[in-house]
Amino acid sequence: MSSTAGLDPCVHCGFCLQSCPTYRVTDDESDSPRGRIVLMQALERGHLPADDPTLHLHLDRCLGCRACEPACPSGVEYGQALEATRAALHRTRSLPLATRSLHGVIAEPKLRRAVFGAARLLRPVSRRFAGASRFGVAWGMLAATQPVAMRPSAAARSTTPSEPSTDPRAEVALFRGCVMDDLFGHVHAATARVLQANGYRLIDVPAQGCCGALHVHAGQRTQALTLARLNLTAFEALPDDTLLAVNAAGCGAMLKELGHLFRGEPDEPKATQLASRVRDISEIVAEAGPRHGAPLSLRIAYDPPCHLLHAQRVTDAPRRMLEAIPGITQVTHADADQCCGSAGSYTFAQPEMSTAVLNAKSRAIADAAPDVVVTGNPGCIMQIGAGLRAIGLDIPVIHPIELLDWSYEQAGYYRG
């Protein structure tokens, strides 16, 4: 089967154009999904050489946000075809040094822990250097990884603490990943508390690691398969009905599509079986009810990650989870369904385009004037946090599970 067969249903209707963040910036047909489909098909049919600079320019500019997929009435499988094309191109050229370095660091646990450990030491001073320059954006991204303390005035403490549920619904394994594990450990801790408060029993799974999402998006399929096999081995001892909870949307999308990554490989059945048990944390918590917490007097803006909204098509669960928090006011902003410009290592590989996409979102959030922005992906937290600081706004950006965790803490679910 052709690696771009999923593009064949395209009828060039143009419904995808306004869903595409890069097309909205450049107004260039070649920076739209429709234009890139023409380029990818021309490459596979031999009408364009693999070293064509125009081909590289416009395919490299693609964020891979997959916003074009739900907008397409013909069911074009754009994301998988883009990954296949990038894998083909990767055999003939090298990735930028910054991209290779980042991917190398996160793929090697010892190196990753050393680098991110040093980054955690710098977090206390990172806010001083955050700004609009490329250097300032990098510091702003680091600042956004720091745990946010809830303002006491935002909470109305419950006067009748209740005990956590003692009737376990199911066993759940938490996918720890790489960036989440080393820079967002506080989100993992909040996830564990919320799951336990909703009656789930957590299982620790050692020897798991990076999901390989950044690698496969960049065309490094061999590296992605190596990382994915390590996770297949780590999780294979779990009972078949154990869910795998993921609190990073990019990782969740990657894990749900493991069957596609392993297509034609001996491990395809094992990968498909594991993928069927992957759930975003919002899906699991929403399925639980969830328990209502104490009121929080906050205006929040929910910004859905692209790989949750467009790739996983998870839309209602995060909002249902947030509805378990009395007192919050959800405010909408005009750019909520658009990419923030993070897209894994895109911020470093395409800084100008990344900034242009980010600026639109930052302005839209500023107009909505929330107290807190919530989004369920580490790259989005870092990118949006840096973007807001770049325009002089100190609005915290956190994971939605943290907000529910704050509410549960105020309700007294964790006392004793």
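Values reported hereafter were calculated over all heavy atoms of this structure, with side chains retained and with hydrogens, waters and symmetry mates removed.
Checked for salt-bridge contact, D60 and R93 meet the test: a charged N lies under 4.0 Å from a carboxylate O. With salt bridges taken as basic N to acidic carboxylate O contacts below 4.0 Å, none links E83 and R86. Of the charged side-chain nitrogens involved, none lies within less than 4.0 Å of a carboxylate oxygen, so that E268 and R229 do not count as a salt-bridged pair. Under 4.0 Å is where a charged nitrogen must lie from a carboxylate oxygen, and between R134 and E352 at least one such pair does. In this structure, D371 does not pair ionically with R299, as no charged nitrogen and carboxylate oxygen lie closer than 4.0 Å. Under a 4.0 Å N-O distance rule, the pair R127/D394 qualifies as a salt bridge.
For L227 against A107, the heavy-atom pair with the smallest separation is CD2-O, 3.9 Å. Residues S276 and R279 approach most closely at O-NH1, 2.9 Å, considering heavy atoms. Taking each heavy atom of C68 and S19 in turn, the nearest pair found is CA-OG, 3.4 Å. Closest of all the heavy-atom pairs between G64 and L82 is CA-CD2, 4.0 Å.
In this structure, the side chain of S126 engages the main chain of R123 through a donor-acceptor pair within 3.5 Å.
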- Verdict with reasoning, T4 to Q41, per side chain to side chain donor-acceptor pair (under 3.5 Å): CA-CA 7 Å; T4 61; Q41 290 176 328; 5.6 Å; no
- For L309 and V314, run side chain to side chain contact (heavy atoms under 4.5 Å, CB included): C-alpha distance rounded to whole Å, both residues' side-chain angles, the deciding distance at 0.1 Å, then the answer. CA-CA 5 Å; L309 179 64; V314 174; over 6 Å; no
- Given the rule in the side chain to side chain contact (heavy atoms under 4.5 Å, CB included) test, do T226 and R221 qualify, once you have shown the distances and angles that lead to the verdict? CA-CA 9 Å; T226 299; R221 186 173 182 273; over 6 Å; no
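Side chains of E402 and T191: a donor-acceptor N/O pair is absent below 3.5 angstrom, by distance only. Side-chain contact of H333 with D303: a donor-acceptor pair under 3.5 Å is present, judged by distance alone. Side-chain atoms of Q312 and K256 form a donor-acceptor pair, as typed in the model, at a separation below 3.5 Å. No side-chain N or O of Q146 forms a donor-acceptor pair with one of R120 less than 3.5 Å apart. Side-chain contact of T22 with R36: a donor-acceptor pair under 3.5 Å is present, judged by distance alone. Side chain to side chain, H399 and N247 fail the donor-acceptor criterion of an N or O pair below 3.5 Å. For the residue pair N198 and Y408, a side-chain donor N or O sits within less than 3.5 Å of a side-chain acceptor on the partner.
Here the CG-CG distance, from D204 to L174, works out to 9.0 Å after rounding to the nearest 0.5 Å.
By the salt bridge (Lys or Arg N to Asp or Glu O under 4.0 Å) test, R193 pairs with D405, sequence neighbours left out. In this structure R112 satisfies the salt bridge (Lys or Arg N to Asp or Glu O under 4.0 Å) test together with D182, sequence neighbours excluded.
The number of heavy-atom neighbours closer than 6.0 Å to CZ of F116, taken from other residues, nucleotides and ligands shown, is above 12.
Sorted by first and then second residue, the ring pair (Phe, Tyr, Trp, His ring centres under 6.0 Å) pairs involving residues 354-380 (not counting sequence neighbours) form an empty list.
The only option from D337, D335, D31 that meets the salt bridge (Lys or Arg N to Asp or Glu O under 4.0 Å) definition with R24 turns out to be D335.
Below 30°, between 30° and 60°, or above 60°: for F135 and W139 the angle between ring planes is above 60°, a perpendicular geometry. By the 30° and 60° cut-offs, the orientation of the rings of H215 relative to H103 is tilted.
For an aromatic pair to be called close, the ring centres must be under 6.0 Å apart, and H307 with H217 satisfies this.
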